Amino acid sequence: MTMSDAFSVEHFPVGCLVSDSKRQILYCNRFVEEHYGYGVSELVGADLFTLLSRASQIMYDSYLLPLVMREGRCDEIRLSLVTRHGEPKPVVVSLCRDHPHSERIFWSIGNANRSEQMFSELTEARKLLQQKISLLHNLSDTDQLTGLPNRAALTRHLNQKIGHPESAQLAFALAFLDLDGFKEVNDRYGHPVGDKLLRLVAKRMAANLRNNDLIARFGGDEFVILLTGEFGSSEAEESLNRLIRQVSEPFEVESLKLHISASAGVTLYPQSEAVDADQLVRQADQAMYQAKLAGKRQLCLFNVDKERSEKGKNKEAAAVRNAIASGEFELFYQPKVNMRTGEVLGAEALLRWNHSDRGLLAPAAFLPALSQTSAGVELGHWVIASGLTQLRHWHERGIDLHVSVNIDGYHLQHPDFLRQLKDLLMDCPALPKHRLELEVLETSAIEDIDHVSSVLTACKKLGIRISLDDFGTGYSSLAHLRDLSADILKIDRSFVRDMLTSPGDLAILKGVIGFAGTFQCDVVAEGVETIQHVQSLTELGCDLGQGYYIAKPMPPQVFEAWLRDWPQRGLL
Ligand code: C2E
Ligand code: CA
Ligand code: CA
């Protein structure tokens, strides 16, 4: 063994390599071959680039080679070499030429030190993790049906916006939009069509918003829209009204032409008091509910002042509970008669509040504030109890009338509704149950139609009669007639009011009377105000009526007096 053999670089624990300016490998030691999975001398004669990753190749051509040719050397450059199996390994290389005119380049190749390697592995892992997180975020932030952001995403975005230090300068409008008539499409054509429709609606709305605006699907047929910018209420209202019009244009799904519309509520930010995302959404939702009540396909602006004055709905609720306890509520009774024979069939119980400060209040003055509250449910319970007491009282005195009470959709959906009703009926065992009638209000607000339908079926089994109030308004009346199998339809007084002047209303009225016959329901016309109404209605085959022409709602004693006089007075 010669000295030079003994100290050959062959056995050094670093990589040694010699290449020429045309990238051919002239020599490499064991270290290189072993570390990169090559056989003995396999690399000699090969292209240098077989060892370099793509990024390192570019680095070599554009930086390393020119530098080493010009300066003669370059030190400690990070590169990535690839093993025979294609696995990249980070290295630190230094290059030099043996003399200024030499074409040979000498390489020393060391593993990038352990901590550096770990660092780069960690960086890599973090990148992967971030990708995964953002993927997950995307999934959990996206509504799978429409691809829009979902409730969680919007709420987070809103809270970030509001929580931002610059939120003082922020102005936006937040709208809650709910489709009208969507459930009917779903019921009639099935969920696949409903789903397609939702996608089209989402697409159309998204296409009609400005870039900065944001629309999210909240679930079902509910959407929330964030309109950003310097907003006065009129601008927001204009954009949203446009959106409602656009949604009311027909949609084509599987060669069906589908007509729906939308009701929306909107609230504005900033407000004089701090609010969070949930509160804003609730405000917009509440305003949307008002829009539904006001007849759908419209926009309502949330009234912050009103809410504050009602800030406690709690206060209002407490007042109502007190008023129940101290006997300030009262039922007035309005007769229903057969307009052909003059027979009095029964009476509708209508709620009044003998308010200690404000005098006698009609339902419109206090019921809206109680909508969807437990105080509202308690009051509803009081109405049934009190109507039943009156009914029993009349029954015991031989006055055989039907009494109807109004029940709103929210109360009907209350889990205790049926049990409480049964308890009340137990207290009047002698009363024929068919004397009690439930007038179901706001059928359009009924969400769980199956549940309500089963509740009403149970009521009917008890003998109670069911009537659908305000029939003909809203979009859902017909569907509900089928699902809720009512005994009686009450034609809304708006149709009766206008029947004498509006051919359209007259046509609807005729239609309702017609299918009341088909479904074998009684039909009662509300709002009979004149003798002309009486005549036209009876000619059309609607004999049962209720209205100011017959009598206004009255306290029970006045009602009894009216009842005594009625046979002499009659209708004409
Ligand atoms: P509704 O169920 O449609 O009751 C009929 C309303 O029309 C009553 O108003 C009645 O006074 C009025 N009315 C009756 N005949 C005529 C007429 O010829 N012309 C006109 N213009 N109006 C007539 P009221 O008592 O103010 O009640 C309004 C609404 O409040 C009711 O409408 C019903 O939806 C609700 N309501 C009344 N009592 C109760 C109740 O005990 N519980 C619930 N949840 N709602 C009730
Ligand atoms: Ca009614
Ligand atoms: Ca009505």
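The shown structure was predicted, so the numbers you read here are calculated from the model rather than taken from an experiment. Both counts, for ligands and for their atoms, begin at 1 and track the order of listing.
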Check whether any side-chain heavy atom of S263 lies under 4.5 Å from a side-chain heavy atom of Q298, and answer yes or no. no
Go through it in stages, so that I can follow the logic: the residues are H434 and H402, the test is ring pair (Phe, Tyr, Trp, His ring centres under 6.0 Å), and I'd like the CA-CA distance, side-chain angles, deciding distance and then a yes or no. CA-CA 8 Å; H434 69 272; H402 293 270; 5.7 Å; yes
Suppose we only allow N, O or S atoms; which atom of D469 ends up nearest to the Ca ion (ligand 2)? OD2
For atom 46 (C) of ligand 1, tell me which residue out of L367, L370, T530 has the closest non-hydrogen atom. L367
Any N/O/S atom, backbone or side chain, of E526 lying under 3.0 Å from the Ca ion (ligand 2)? no
Counting only heavy atoms not in R188 (residues, nucleotides, ligands), do more than 12 fall under 6.0 Å from its CZ? no
For a ring pair (Phe, Tyr, Trp, His ring centres under 6.0 Å) check, start with the C-alpha distance between H533 and Y549, then their side-chain angles and the critical distance, and finish with the verdict. CA-CA 9 Å; H533 286 139; Y549 183 71; 8.8 Å; no
If you count the atoms of ligand 1 from 1 in the order shown, which ones are under 4.0 Å from a heavy atom of D470? 3 (O)
Which one holds for E348 and ligand 1: side chain close, backbone close, both close, or neither close, with close meaning a heavy atom under 4.0 Å? side chain
Heavy atom under 4.0 Å from ligand 1: found in V383's side chain, backbone, both, or neither? side chain
Given that the side chain starts at C-beta and the backbone is N, CA, C, O, which of these parts of Q546 lies under 4.0 Å from ligand 1, counting heavy atoms, or is it both or neither? neither
Can you tell which part of V405 has a heavy atom less than 4.0 Å from ligand 1: side chain, backbone, both or neither? neither
Heavy-atom distances under 4.0 Å decide this one: backbone, side chain, both or neither, for R493 against ligand 1? side chain
Heteroatom test (N, O or S) for N406 near the Ca ion (ligand 2), limit 3.0 Å: yes
Would you mind running through ligand 1 and noting each atom that sits below 4.0 Å from a heavy atom of E526? 3 (O)
Could you pull out the atom name of the N/O/S atom in E348 that is nearest the Ca ion (ligand 2)? OE2
Nearest non-hydrogen partners of R352 and A362, listed with the distance: CD-CA, 4.2 Å
How would you list, by chain and number, every residue that makes a ring-ring contact (aromatic ring centres under 6.0 Å, His included) with W566, sequence neighbours excluded? W562
Note: Q334, heavy atoms under 4.0 Å from ligand 1, region reported as side chain
Kindly write out the residues that satisfy salt bridge (Lys or Arg N to Asp or Glu O under 4.0 Å) with E238, not counting sequence neighbours, or none if the list is empty. none
Between L441 and ligand 1, which residue portion shows a heavy-atom distance shorter than 4.0 Å: side chain, backbone, both, or neither? side chain
For G547, the ligand 1 atoms whose distance to one of its heavy atoms is below 4.0 Å: 15 (N), 18 (O)
State the atom name: nearest N, O or S atom of E439 to the Ca ion (ligand 2). OE1
Can you find an N or O of Y549 that's nearer than 3.5 Å to an N or O of ligand 1? no
Quick check on contacts: which atoms of ligand 1 are under 4.0 angstrom from a heavy atom of E529? 17 (C), 18 (O), 19 (N), 20 (C), 21 (N)
For ligand 1, which atoms have a heavy atom of P553 less than 4.0 angstrom away? 11 (O)
Taking side chain as C-beta onward, heavy atoms only, is F329 less than 4.5 Å from N354? no
Search all heavy atoms of L243 against all heavy atoms of I225 and return the closest pair with its distance. CD2-CD1, 3.4 Å
